[in-house]
J.: 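The structure follows.
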Amino acid sequence: MFAKAFRVKSNTAIKGSDRRKLRADVTAAFPTLGTDRASELIPGKEELNVVKLYAHKGDAVTVYTRGANPILFELEKNLYPTVYTLWSYPDLLPTFTTWPLVLEKLAGGADLMLPGVVVPPTGLPPVQQGDLCAIALVGNRAPVAIGVAAMSTAQMLASGLKGKGFSVLHTYQDHLWKSGDKSTPPAIAPLAVNPTDSSEEKVGLDLQGNLSSLTLEGEEETRKLHHSEASEDNSSGALSQNSSDGKPLQEQMDELLQQCFLHALKSRVKKADLPLLTSTLLGSHMFSCCPEGQQLDIKKSSYKKLSKFLQHMQQEQIVQVKELSKGVESIVTVDWRHPRITSFVIPEPSLTSQTVQEGSREQPYHPPDIKSLYCVPASMTQLFQESGHKKGSTLEGSEVRRIIVDYAKRNNLVDADNKNLVKLDPILCDCLLEKNEQHVVMKLPWDCLLTRCFQTMQPAYQVTFPGQEPILKKGKLCPIDITLAQKSYNKKVTVVRNLETYGLDPCSVAAILQQRCQASTIVSPAPGAKDSLQVQIQGNQIHHLGQLLLDSPLPHVPVSRC
C-alpha cells in the first residue's frame with residue numbers, strides 16, 4: 001500500500017476527545033495489548049498528530065503519528081499498527097517468518113506467498129482468514145511487515161503451503177516507514193522452544209540446506225526467489241524428547257556431549273596439541289565427532305556451558321584446565337590412561353547412515369576460479385579499436401599489456417635512443433594524460449605507461465564455479481569482510497559480509513557458527529548492498545570464523561544468488 005509515495009491532505013494535532021476515543025479503539029482492536037500498554041502507546045499529554053493522506057492507488061488513509069514516527073494507520077475503519085509500534089510490542093500480532101532476501105520484494109509491493117513462509121519447530125501460529133498478522137525475518141523476531149492472512153492456518157497446512165499467504169499492507173523500508181525517523185529493526189531474539197511444548201520437537205539442524213522456491217506475487221507480476229535454507233531435520237538419528245529408550249532430551253544431550261568429548265580425546269587430540277584452547281576442543285574436535293544425524297548443543301544439556309562440563313571432567317581427573325590468559329581457558333594435560341578413555345569404543349558409522357550420507361550430502365565446497373579483468377572505457381576506445389575491441393569489452397591484464405605493446409611498436413612509438421621510453425601520440429595523450437600534462441609530457445617509461453592504462457580502465461572480474469558458466473561482473477571484487485564491532489561497553493559482535501560472492505550460503509554459515517561458537521547469530525540484509533546478506537555473531541569470533549573459512553568444508557549457495 002505504501003510502496004510508492006503518498007499525498008498528504010492534512011496534518012493536525014489530535015483533540016482530547018479524539019485521543020481518548022483512539023485509545024479505546026486500540027484497546028478494542030488489540031485486546032492483548034491491555035489498557036496500561038494502550039495508554040503507553042496513546043499517552044495523555046505527549047504530542048499526537050492525525051495525518052490524512054491518499055495512497056498512490058487512491059485509498060484514503062488516516063495515520064496517527066507520535067513524535068517523529070507513525071504509530072497506527074486506519075483504513076476503512078480498521079486500525080493497523082506500524083512497524084515502529086510492533087518493534088515496541090513484538091507480540092501484539094501472530095507472527096510468521098520469512099527469509100531476509102524477501103524483504104526487498106515485500107517493500108516493493110509484493111504479497112507473501114506460502115512457499116516463502118518458514119515453519120518453526122513449534123509450528124505455524126493459529127490464525128483465521130482475514131486475521132491481521134506480523135511478518136518477521138529468520139533470526140530476528142522484530143516484525144518487518146504486516147499483512148492480512150489470505151487463509152486460515154489449517155487451510156495453509158492443507159494446501160501444502162502453496163498459494164498466497166498474506167496480502168501485505170505495510171513494510172519496513174516503505175514510504176510510511178520513511179515518513180518516520182527511519183530507524184532500523186531492533187535485534188529481538190526468537191522465542192526459546194520449550195521441549196515440553198511438543199513431543200515432536202526438532203532439535204537437529206540440517207546445515208546441508210534444501211533449495212526452496214519463494215514465490216512472491218506483487219502488483220501485476222509474480223516474482224520467484226530461490227533460497228538455500230538451513231532446515232531442521234528430525235531424522236531417525238536425531239535426538240528427540242521421547243526416544244525409544246524413554247530418556248529425556250537433557251539426559252540424551254549429556255550422553256552425546258560425553259561421547260563426543262571422549263571420542264575427540266581418544267582419536268583427535270594429541271599430546272603435541274597441548275595446551276589446547278577449550279573453544280578449539282569444541283569447535284575443531286568435538287563437533288566433528290558428533291554422529292551423523294545428531295547435533296551437539298551444550299545449551300540443551302544439564303551443564304549449559306562448556307566450562308561447567310570441563311569442570312566435571314577435571315573432577316574425574318580426565319583433564320586439567322587452566323586459565324593461561326585472562327578469561328581464556330585451555331586444557332593443559334590429558335590422562336590418556338584414564339579408564340573412561342581407554343574403555344571408550346569409537347562408534348562405527350552404520351551402513352544406513354553411510355548410505356544416507358553418500359546419497360544426500362551436498363557436494364563439498366570448491367572455491368570459484370576468479371579472474372581480475374579490465375573494462376575498456378569510452379575515453380580509451382580509439383586505443384583498443386585497432387585490436388578489435390570496443391567500449392565495454394573486458395580484457396585480462398596480460399591482454400591489455402600485449403595490445404599496448406603492439407600499438408606502440410606498430411606506430412613506431414618506442415624511443416630509438418632509449419627503448420624503455422614510449423613517445424606519446426595524440427591517442428595516447430588523450431587516453432593517459434591530464435589536461436595540464438598535454439603539452440608538457442612527451443614520453444613515458446613502459447611501466448608508467450602501463451600503470452596509467454590499468455588505472456584508467458574500469459575494474460571487472462569473472463567468477464567461475466565448478467560445472468557452471470562463467471559470471472562476469474563489473475566493479476572491484478569485494479573480499480569476505482570480517483568486522484569486530486562494539487555494540488556496548490562490554491559487548492562485541494563479529495559481522496561477516498560478501499559470503500555470496502564466493503558461493504557460500506550465509507544462513508548455513510550462521511548455523512554452523514552458532515553451534516561451534518555456542519553464540520547467537522543473526523542473518524540480515526547487508527546495509528548498502530542489494531540482495532546480499534550479512535551474518536552477525538555474538539562476541540569476538542574471528543578465530544572460529546578463520547578456522548571455518550580456511551580449514552572446513554562449507555555449504556555451497558546457488559550461483560543465481562551471487
Side-chain angles (χ1 to χ4, degrees), residues 192-193 195-196 201-207 233-271 273-323 328-350 352-354 357 511-519 544 547 552:
V193 179
T196 61
E201 182 201 6
K202 299 177 181 179
V203 299
L205 187 64
D206 174 17
L207 303 183
D233 181 16
N234 193 21
S235 62
S236 59
L239 299 178
S240 61
Q241 185 184 352
N242 297 320
S243 62
S244 58
D245 55 7
K247 293 181 181 178
L249 173 64
Q250 192 175 80
E251 188 176 338
Q252 294 179 64
M253 191 58 71
D254 285 353
E255 291 180 357
L256 180 62
L257 182 58
Q258 295 190 40
Q259 176 185 323
C260 295
F261 172 73
L262 295 171
H263 189 168
L265 292 184
K266 188 159 187 173
S267 66
R268 293 181 174 271
V269 179
K270 308 300 179 187
K271 190 173 182 179
D273 296 330
L274 303 180
L276 179 68
L277 290 172
T278 56
S279 57
T280 303
L281 171 70
L282 178 67
S284 299
H285 302 297
M286 290 175 63
F287 279 129
S288 56
C289 291
C290 191
E292 181 73 21
Q294 297 187 33
Q295 196 73 300
L296 183 62
D297 190 343
I298 295 178
K299 292 180 181 178
K300 288 186 170 68
S301 72
S302 62
Y303 303 100
K304 304 302 180 187
K305 293 183 178 181
L306 178 64
S307 58
K308 189 175 178 182
F309 169 72
L310 291 176
Q311 284 176 7
H312 282 262
M313 297 300 101
Q314 185 167 249
Q315 289 169 2
E316 292 189 35
Q317 298 182 336
I318 299 175
V319 295
Q320 184 180 5
V321 180
K322 285 187 177 180
E323 192 176 288
V328 180
E329 291 186 334
S330 298
I331 295 175
V332 292
T333 60
V334 178
D335 183 4
W336 276 284
R337 288 190 248 181
H338 194 283
R340 291 200 60 187
I341 296 179
T342 56
S343 63
F344 179 78
V345 178
I346 297 174
E348 292 288 338
S350 65
T352 305
S353 173
Q354 288 177 337
Q357 182 177 348
I512 295 173
L513 286 169
Q514 185 176 29
Q515 290 293 324
R516 286 199 176 189
C517 306
Q518 293 293 292
H544 284 293
Q547 281 190 325
S552 305

J.: Taking the side chain as everything from C-beta on, heavy atoms only, tell me whether L265 gets closer than 4.5 Å to V319.
T.: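 Sidechains of V319 and L265: in contact.
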J.: Is the closest side-chain heavy-atom distance between Q320 and Q314 below 4.5 Å?
T.: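 The answer is yes; the side chains approach within 4.5 Å.
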J.: Using 0.5 Å steps for rounding, measure from the NE2 atom of H263 to the CG atom of L256.
T.: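 H263 atom NE2 to L256 atom CG measures 12.0 Å (nearest 0.5 Å).
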J.: Rounded to the nearest 0.5 Å, how far does NZ of K266 lie from CD1 of I346?
T.: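 Separation between the atoms: 6.0 Å.
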J.: Would you mind reporting whether V321 and I331 have side-chain heavy atoms less than 4.5 Å apart?
T.: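 They are in side-chain contact.
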J.: Between CD of E329 and OG1 of T278, what distance do you get to the nearest 0.5 Å?
T.: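 Reported to 0.5 Å precision, the distance equals 5.5 Å.
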J.: Are any of the side-chain heavy atoms of I298 and L257 separated by less than 4.5 Å?
T.: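 Side chain of I298 against side chain of L257, heavy atoms only: contact under 4.5 Å found.
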J.: Taking side-chain contact (heavy atoms from CB on, under 4.5 Å) as the test, write out the residues that go with V345, two or more places apart.
T.: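 Per chain and number, V345 pairs via side-chain contact (heavy atoms from CB on, under 4.5 Å) with no residue.
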J.: Answer yes or no: does atom NZ of K304 have more than 12 heavy-atom neighbours from other residues, nucleotides or ligands under 6.0 Å?
T.: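 Count over threshold, so yes.
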J.: Could you tell me which residues satisfy ring pair (Phe, Tyr, Trp, His ring centres under 6.0 Å) with Y303, sequence neighbours excluded, listed by chain and number?
T.: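 Ring pair (Phe, Tyr, Trp, His ring centres under 6.0 Å) check on Y303 returns F309, H312.
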J.: Indicate yes or no: at least one non-hydrogen side-chain atom of V332 is less than 4.5 angstrom from one of L274.
T.: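 A side-chain contact is absent here, since even the closest heavy-atom pair is not under 4.5 Å.
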J.: Hey, are the side chains of P347 and Q259 touching, using non-hydrogen atoms and a 4.5 Å cut-off?
T.: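 Side-chain contact under 4.5 Å: yes.
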J.: Would you please name every residue forming a side-chain contact (heavy atoms from CB on, under 4.5 Å) with K271, sequence neighbours left out?
T.: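 Here the qualifying residues are W336.
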J.: Kindly indicate whether the side chain of V334, heavy atoms from C-beta on, has any atom under 4.5 Å from the side chain of L276.
T.: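 When only atoms from C-beta onward are counted, L276 and V334 do not touch, as no gap falls below 4.5 Å.
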J.: Mind checking side chain to side chain donor-acceptor pair (under 3.5 Å) for S302 and listing every partner two or more places apart, or none if nothing turns up?
T.: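 Only D254 meet the side chain to side chain donor-acceptor pair (under 3.5 Å) criterion with S302.
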J.: D297 versus M253: any side-chain heavy-atom pair under 4.5 Å?
T.: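 D297 reaches M253 side chain to side chain.
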J.: Apply salt bridge (charged side-chain N to carboxylate O under 4.0 Å, His left out) to E316 and list each qualifying residue two or more places apart in sequence or on a separate chain.
T.: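 Checked E316 against salt bridge (charged side-chain N to carboxylate O under 4.0 Å, His left out); matches are R340.
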J.: Quick one: pull up CD in E255 and OG in S301 and give me the separation to the nearest 0.5 Å.
T.: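 With rounding to 0.5 Å, CD (E255) is 12.0 Å from OG (S301).
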J.: If I take atom CZ from residue F261 and atom CG from residue L282, how far apart are they, to the nearest 0.5 angstrom?
T.: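 F261 CZ to L282 CG: 11.5 Å, rounded to 0.5 Å.
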J.: Can you list the residues that meet the side-chain contact (heavy atoms from CB on, under 4.5 Å) rule with K270, with sequence neighbours excluded?
T.: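 Counting only residues at least two positions away or on another chain, K270 forms a side-chain contact (heavy atoms from CB on, under 4.5 Å) with D273.
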J.: Please give me the minimum heavy-atom distance between C260 and C290, naming the atom from each residue.
T.: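 So the two residues come closest at SG-CA, 3.7 Å.
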J.: Using the rule given for side chain to side chain contact (heavy atoms under 4.5 Å, CB included), can you reason through K300 versus L249, listing the C-alpha separation, both sets of side-chain angles and the distance that settles it, and then say yes or no?
T.: CA-CA 8 Å; K300 288 186 170 68; L249 173 64; 4.2 Å; yes
